[in-house]
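Input: a single structure, listed below in structure tokens.
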Amino acid sequence: MSEKREYTLVDHKEPYRYDDNGLHVTRGSAWSGPGCHLGCGVLMYTDDDGKLVKVEGDPENPFNQGRLCCRCLALPEVVYHEDRVLHPMKRAREDRGKDKWERISWDEAYEMVTSRFLEIKEKYGPECIAFYSGTGRDIGQYITRLAWGFGSPNFVFAMSGQSCYSPRVAGCFSNTGAFWLGDYSQQFADRYDDPRWECPEYVVVWGNNPLVSNSDGLYGHWVIDVMKRGAKLIVIDPRLTWLGAKSEQFLQVRPGTDAALALGMINFIIEEDLYDHEFVDLWCYGFEELAERAKEYPLDYVEEVTWIPRDKIERAARSIAQAKNAILQWGVAIDQTKETIPTAQALLSLFEITGHMDKPGAMVPPPSILYYAGGWGEEFLTPEQKAKLIGLKEYPLIQMGFQEAVTDEYIKALETGEPYRFRAAWMQTTNPLVCTGVDPKRSLAAQNNLEFIVYVDLFMTPTAMALADVFLPACTYPERDGIRIGDGMQRGETINKVIEPLGESKSDMEICLEVGKRIAPEAWPWETVEDMFSSILEETGYDFEEMQKIAPAYMPFEYHQHEKGLLRSDGQVGFGTPTGRIELWSNFYNTCDLDPLPYFEEPSPGPVSTPELLDEYPLVLTTGARIWSMFHSEHRQIPHLRALHPDAIIQVNPKTCREYGVKHGDWVWVENQRGRCKRRVIETPVVEERVCSTDHAWWLPEAPAEMEDGLYGMWDLDVGNLIEYKCGKSGFGANYKTLLCKIYKVEEGE
Ligand SMILES: Nc1nc2c(c(=O)[nH]1)N[C@H]1C(S)=C(S)[C@@H](COP(=O)(O)OP(=O)(O)OC[C@H]3O[C@@H](n4cnc5c(=O)[nH]c(N)nc54)[C@H](O)[C@@H]3O)O[C@H]1N2
Ligand SMILES: Nc1nc2c(c(=O)[nH]1)N[C@H]1C(S)=C(S)[C@@H](COP(=O)(O)OP(=O)(O)OC[C@H]3O[C@@H](n4cnc5c(=O)[nH]c(N)nc54)[C@H](O)[C@@H]3O)O[C@H]1N2
Ligand code: SF4
Ligand SMILES: [Mo]
């Protein structure tokens, strides 16, 4: 065991388990399942019968300071929901799509998985098995270890262009050698009171809706916390969000044109000589080239492209440039456009040339992440196997993200058997048919070519009903232990078991360990999950039990790391790039045969790139804006959460409603050249007349399950019907948030 790391701890009044008014309370961190991106501090209350009674926010936890959103408050409804699958099941391959499941024991399930996986490995090679994961949950790294330990490079996050987070991560690492987060003092145990922290002058919320989504390590209420301390907001969104309504400046952007907006601002800032000369001279590479490129984006042109009046763009650019410190609070809308890489590059460049990097209240690099969060188990993958990652040859940039296969190439591989035929898949924490994936008919046919599919989830889902051969039941977070090390600023937090897993469900980590031991014993040497957690925590000097007691534990943190040699592996000052500087002109993109400078490309289809479609499909459509009560395709069966958002909706401007003869509450078809889905109209001025915004990931757990009967109503509801598999030039990004459509009333009986 290493020496104990120096953590800053919270002065708790009670031990992590204590009694209160006849109930037993356990302090800990939330995570998944059900899904979420964060790990808020929770107090879980259980009774003498070992039942979870309620969950409250932990006021002593600096992260959320007692606050909690509806999904954690409704946790007991999830845990005890009658639809949970509580024992392993199997089904004959020819019965896919039918509700013909047969209960089996865990031993039989493990035996089936082990024998099929080992047989495929022996006959065809381990790369012929794909290991799928959904969005960031605390099981993510175990899935990559399962894949890599087994020898398969094919870790699949089944979004076209892996359009979530990975593109922004790849963009940041390629050109700065680090990842960057807004500094809301989350790295300090005493938060806003820490004397080192300074309040940002501006928070620029760009393609993100933090209050609702709490994504990627950011607790949305921090934006309000810093507003209360004086921060001003600029919100860039096609919809007037709650934060947008409270902002100093709201820029209602046309979906998919963010790169043009950022480049226009860069050009204006350089022309007006408002950039940070010292930071650019000392720490940036390629400024002249960026300035030259930005000249292609004069504000008259940018106004026309983005639909934002020029004076608003000027004001926002000036505010960002002249601010003492500012945060780029970007979101998934930046990933969900086909040319995401130059878009992310443009946004980041704007904050780089204005010097909002590595200082208090600006963008800061998270403290060194435990090895486990990066590429846990990567050492088991030989270079020869790694080279077989689907899409790596065509799109070398993908190695800078989360090392997922390029989904669009993977779907092709499933269809053609080239460069090799996939035989089986492990799907854990993902619902690719209605959520990550698009074009569900194509997606279903392609994945049906797999001979053997293992699916691990809490509930039956459309994907499992359509495709799985073995179903393994996972449990929720109060039913198991875990460690919360992942996204955002690192802190030691544990997930603490408070009730026994229901039925025969098991923790995801235990499932991975048990399967791992059987299919790749060298990678899974631990007896128990606790041993595994302690081994992950080894470099901290604490074992799992000790960490449970001291959590949350805050790592040391410093500002101005680039000036202190803390960002480079050789200990030199500067950034972890070939030039040692922030690369505005990207050497890495250049070696990947990509444009080294940011640019804007019109979304296609779109009102400018495909004018021929405009007569038929005159509206711009963005999809998937997050809703409070549901995490992607989850929570549809949870009564209190469903009540908050009972139907799949589309937001339409009142004037547009009148034009198309529809009104608030009507059911409409939303249709484009690829297909259609059903939506209920919300008449609202938050979207402008030319733009609509609609939900994603809809299915109805209450509807008939079998494929023949509509697969939980998904065929009519899936917005994926309107989206194609088509990634950007880098292998990243796809048009989830930039489509065209028309709307018309659903006829009676339809
Ligand atoms: N049109 C459109 N589509 C989108 C988006 C969009 O904006 N527009 N957003 C996309 C984005 S950004 C993402 S990340 C993807 C997300 O896609 P997914 O991560 O696949 O989405 P979920 O529906 O949250 O999760 C899938 C399944 O995981 C199960 N699950 C939850 N927690 C756990 C757990 O701890 N263990 C196990 N074993 N199972 C668990 C749930 O029950 C659910 O069935 O969707 C994408 N799809
Ligand atoms: N409750 C809940 N929370 C979630 C999730 C969930 O499903 N439910 N999903 C989680 C996941 S995986 C992710 S990735 C995050 C995502 O969290 P966010 O980044 O907040 O994602 P969205 O809500 O999809 O989009 C954010 C905003 O971008 C706007 N937008 C749409 N198109 C564009 C565009 O072209 N340009 C700009 N500038 N803005 C645009 C939308 O109107 C929306 O207000 O949320 C996570 N948190
Ligand atoms: S963001 Fe909401 S659902 Fe997620 S852990 Fe925090 S309170 Fe729970
Ligand atoms: Mo995501």
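Note that ligands are numbered from 1 as they come in the structure, with each ligand's atoms numbered from 1 the same way.
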To which protein heavy atom is atom 1 (N) of ligand 1 closest, and what is the distance rounded to 0.1 Å? Thr623 OG1, 3.0 Å
Heavy-atom pairs closer than 4.0 Å: do any link ligand 1 to the side chain of Asp457, the backbone, both, or neither? both
Side chain, backbone, both or neither: Val332 near ligand 1, heavy atoms under 4.0 Å: side chain
Are the charged groups of Arg642 and Glu702 less than 4.0 angstrom apart, N to O? yes
Verify the distance criterion only: is there a donor paired with an acceptor across the side chains of Glu404 and Ser166 at less than 3.5 Å? yes
Assess whether a salt bridge exists between Asp335 and Lys737, defined as any Lys/Arg side-chain N lying under 4.0 Å from an Asp/Glu carboxylate O. no
Give the residue, atom name and distance (to 0.1 Å) of the protein heavy atom nearest atom 23 (O) of ligand 1. Ser633 OG, 2.4 Å
Assess whether a salt bridge exists between Asp225 and Arg67, defined as any Lys/Arg side-chain N lying under 4.0 Å from an Asp/Glu carboxylate O. yes
Assess Arg145 against Trp524: is NZ or CZ under 6.0 Å from the centre of the six-membered ring, and within 45 degrees of the ring's axis? yes
Is Arg626 in polar range of ligand 1, meaning some N or O pair under 3.5 Å apart? yes
Under 4.0 angstrom from ligand 1, any heavy atom of Thr436? yes
Does Arg679 pair with Asp695 as a salt bridge, N-O distance under 4.0 Å? no
Would Lys54 and Glu56 pass as an ion pair if we require N to O under 4.0 Å? yes
Give, for atom CG of Leu146 and atom CH2 of Trp376, the distance between the pair rounded to the nearest 0.5 Å. 10.5 Å
Hey, is Arg84 close enough to Asp457 for a salt bridge, meaning N to O under 4.0 Å? no
Protein heavy-atom partner closest to atom 46 (C) of ligand 1 - residue, atom, separation in Å: Cys435 O, 3.5 Å
Which residue and atom name correspond to the protein heavy atom nearest atom 7 (S) of ligand 3, and how close is it? Cys69 N, 3.2 Å
Against ligand 1, does Ala697 come closer than 4.0 Å with any heavy atom? no
Can you tell me the protein heavy atom closest to atom 19 (O) of ligand 1 and the distance? Thr135 N, 2.8 Å
Is it the side chain (CB and beyond), the backbone, both or neither of Thr430 that lies under 4.0 Å from ligand 1, heavy atoms counted? both
Regarding Glu634 and Arg137, does a basic nitrogen lie under 4.0 Å from an acidic carboxylate oxygen? yes
Please work out whether any backbone atom (N, CA, C, O) or any side-chain heavy atom from C-beta onward of Tyr736 is under 4.0 Å from ligand 1, and answer side chain, backbone, both or neither. side chain
Using a heavy-atom cut-off of under 4.0 Å, does the side chain or the backbone of Arg84 touch ligand 1, or both, or neither? neither
Is Ile723 close enough to touch ligand 1? Criterion: a residue heavy atom under 4.0 Å from a ligand atom. yes
Measure the distances from the heavy atoms of Phe157 to every atom of ligand 1 and state whether one is below 4.0 angstrom. yes
Cation-pi geometry met for Arg636 and Trp698 (6.0 Å, 45°): yes
Should Arg674 and Glu724 count as an ion pair when the cut-off is N to O under 4.0 Å? yes
Does the N or O separation between Asp508 and ligand 1 drop below 3.5 Å for any pair? yes
Tell me which protein heavy atom sits closest to atom 6 (Fe) of ligand 3, plus the residue, atom name and distance to 0.1 Å. Cys40 SG, 2.3 Å
Quick one: nearest non-hydrogen protein atom to atom 8 (Fe) of ligand 3, plus distance? Cys72 SG, 2.4 Å
Which residue supplies the protein heavy atom nearest to atom 4 (Fe) of ligand 3, what is that atom called, and how far is it? Cys36 SG, 2.2 Å
